[in-house]
S.K.: 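I'd like to ask you about the structure that follows.
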Amino acid sequence: MLQLYFFPMACSLSSRIALMEAGIEAQYHLAHIWTKQVVDDGSDFLGVSPKGAVPVLALENGERLTESAAVLQYIADVKPTAGLAPAFGDPDRYRLQEWLSFIGAEIHKAFLFPTFWYKDDGSLAKPRVRITQTLSVPSAHLAEHEFLVGDSFTVADAHLTWALLLLRPAGVDIAQWPSLSAYLGRMQARPAVREAIATEMALRKAMAA
Ligand SMILES: N[C@@H](CCC(=O)N[C@@H](CS)C(=O)NCC(=O)O)C(=O)O
């Protein structure tokens, strides 16, 4: 069985969404990204992945896969009938990779990661300006399209859904982009997405208590 190392509401949420959208049963291990401890058995998360970052997907053959773009495509390819990624060779597969790279580099690492990891000491003024320009790209696309790629939900939508959810606590109100707000509402209305978020929000609350 696939095993996902995750931290509630971190970027590994998109991998949980993908697993649940595909109806793939998996084991979930909470890995604390600050203490680097795997919560269920107290083991060293750095022993699971020297990157010390979620997501990590432990495959059936014992290998471990990291990086959301790779993990998400792997999950999609485990169950192609779920339609979570265009097949290799389909030109839309490159569009999917284009969006996954954009979300991972331009939204996550350029803005969300420093905002939550380093807190705002004033050094984030320029990234705050740039994120507005960055978000105008998916906003323009989603004003014309229901999904990021093709005409159905893909793992790129799972990843953007996570990123949009984190923008509010990062101090960016996505209401200024009506197409993004409407898109997030559509994504959150999907049962698997709703359940994945509810599961991780409950864990997050329990950790804060
Ligand atoms: N490039 C990686 C980034 C993964 C990442 O930054 N994960 C964060 C949570 S959203 C984390 O676990 N950070 C812990 C750390 O970097 O020490 C990906 O796209 O999966």
Side-chain angles (χ1 to χ4, degrees), residues 2-21 26 28-40 42-59 63-78 84-85 93 95-121 123-124 127 131 134-135 137-138 148-149 154-172 184 187 193 196-197 199-201 203-205 207-208:
L2 292 176
Q3 299 176 53
L4 180 71
Y5 291 83
F6 76 100
F7 185 77
M9 298 310 287
C11 55
S12 45
L13 173 64
S14 50
S15 297
R16 182 190 291 269
I17 291 174
L19 287 164
M20 293 180 73
E21 281 279 348
Y28 294 88
H29 303 288
L30 200 165
H32 204 299
I33 54 177
W34 282 284
T35 64
K36 307 298 180 200
Q37 204 179 51
V38 181
V39 171
D40 44 11
S43 62
D44 183 6
F45 182 43
L46 290 168
V48 175
S49 167
K51 292 180 179 174
V54 294
V56 178
L57 189 69
L59 312 182
E63 285 187 30
R64 291 172 185 143
L65 191 62
T66 61
E67 300 299 323
S68 298
V71 168
L72 287 167
Q73 291 185 73
Y74 186 92
I75 293 169
D77 290 338
V78 165
L84 294 182
R93 185 73 180 221
R95 292 291 169 207
L96 180 94
Q97 293 178 346
E98 185 179 38
W99 279 116
L100 289 174
S101 295
F102 181 83
I103 297 160
E106 307 300 334
I107 304 179
H108 182 193
K109 281 294 160 164
F111 183 72
L112 291 172
F113 185 81
T115 303
F116 289 112
W117 207 252
Y118 303 126
K119 310 294 177 209
D120 200 342
D121 57 1
S123 62
L124 292 173
I131 191 66
T134 302
L135 291 171
V137 175
L148 286 177
V149 181
T154 65
V155 290
D157 296 300
H159 210 29
L160 184 60
T161 297
W162 162 74
L164 293 179
L165 283 172
L166 269 271
L167 283 166
R168 183 171 297 152
V172 177
L184 183 57
M187 296 303 114
V193 174
I197 295 169
T199 301
E200 297 214 353
M201 284 301 288
L203 285 167
R204 195 66 188 243
K205 272 194 190 140
M207 287 175 82

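Counting convention: from 1, in listed order, for ligands and their atoms alike.
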S.K.: Quick check: closest heavy atoms across M207 and L30, and the distance to 0.1 Å?
M.R.: SD-CD1, 4.1 Å
S.K.: Counting each atom of ligand 1 from 1 as listed, which ones have a heavy atom of G52 under 4.0 Å away?
M.R.: 14 (C), 15 (C), 17 (O)
S.K.: Do S12 side-chain atoms and F7 backbone N/O form a donor-acceptor pair below 3.5 Å?
M.R.: yes
S.K.: So if I count the atoms of ligand 1 from 1 in the order they appear, which ones are less than 4.0 Å from some heavy atom of H108?
M.R.: 3 (C), 5 (C), 6 (O), 10 (S)
S.K.: Is the backbone N or O of M9 less than 3.5 Å from a side-chain atom of E200, with the two atoms forming a donor-acceptor pair by type?
M.R.: yes
S.K.: What is the distance from atom CG of L167 to atom CG of L184, rounded to the nearest 0.5 Å?
M.R.: 9.5 Å
S.K.: For ligand 1, indicate whether the residue F7 contacts it via side chain, backbone, both or neither (heavy-atom separation under 4.0 Å).
M.R.: neither
S.K.: Closer than 4.0 Å to some heavy atom of A10 - which atoms of ligand 1 meet that?
M.R.: 9 (C), 10 (S)
S.K.: When only distance counts, is E67 in polar contact with ligand 1, meaning an N/O pair under 3.5 Å?
M.R.: yes
S.K.: Angle between ring planes, W34 versus W117, binned at 30° and 60°: parallel, tilted or perpendicular?
M.R.: parallel
S.K.: Can you report which non-hydrogen protein atom sits closest to atom 11 (C) of ligand 1, along with the distance?
M.R.: A53 CB, 3.6 Å
S.K.: State if W117 counts as touching ligand 1 under the rule of any non-hydrogen atom under 4.0 Å.
M.R.: yes
S.K.: Which residue holds the protein heavy atom closest to atom 7 (N) of ligand 1, what is that atom called, and what is the gap in Å?
M.R.: V54 O, 2.9 Å
S.K.: Closest by any non-hydrogen atom to atom 19 (O) of ligand 1: pick that one out of S101, S68, P55, C11.
M.R.: S68
S.K.: Has K36 got a side-chain atom pairing as donor or acceptor with I33's backbone, closer than 3.5 angstrom?
M.R.: yes
S.K.: Using a plain distance cutoff, I'd like to know if K109 has any nitrogen or oxygen under 3.5 Å from a nitrogen or oxygen of ligand 1.
M.R.: yes
S.K.: Would you compute the distance between atom CD of E21 and atom CG of D157 and round it to the nearest 0.5 angstrom?
M.R.: 9.0 Å
S.K.: Determine whether the side chain, the backbone, both or neither of K36 has a heavy atom under 4.0 Å from any heavy atom of ligand 1.
M.R.: side chain
S.K.: Strictly under 6.0 Å, is that where the ring centroids of H108 and W162 end up?
M.R.: yes
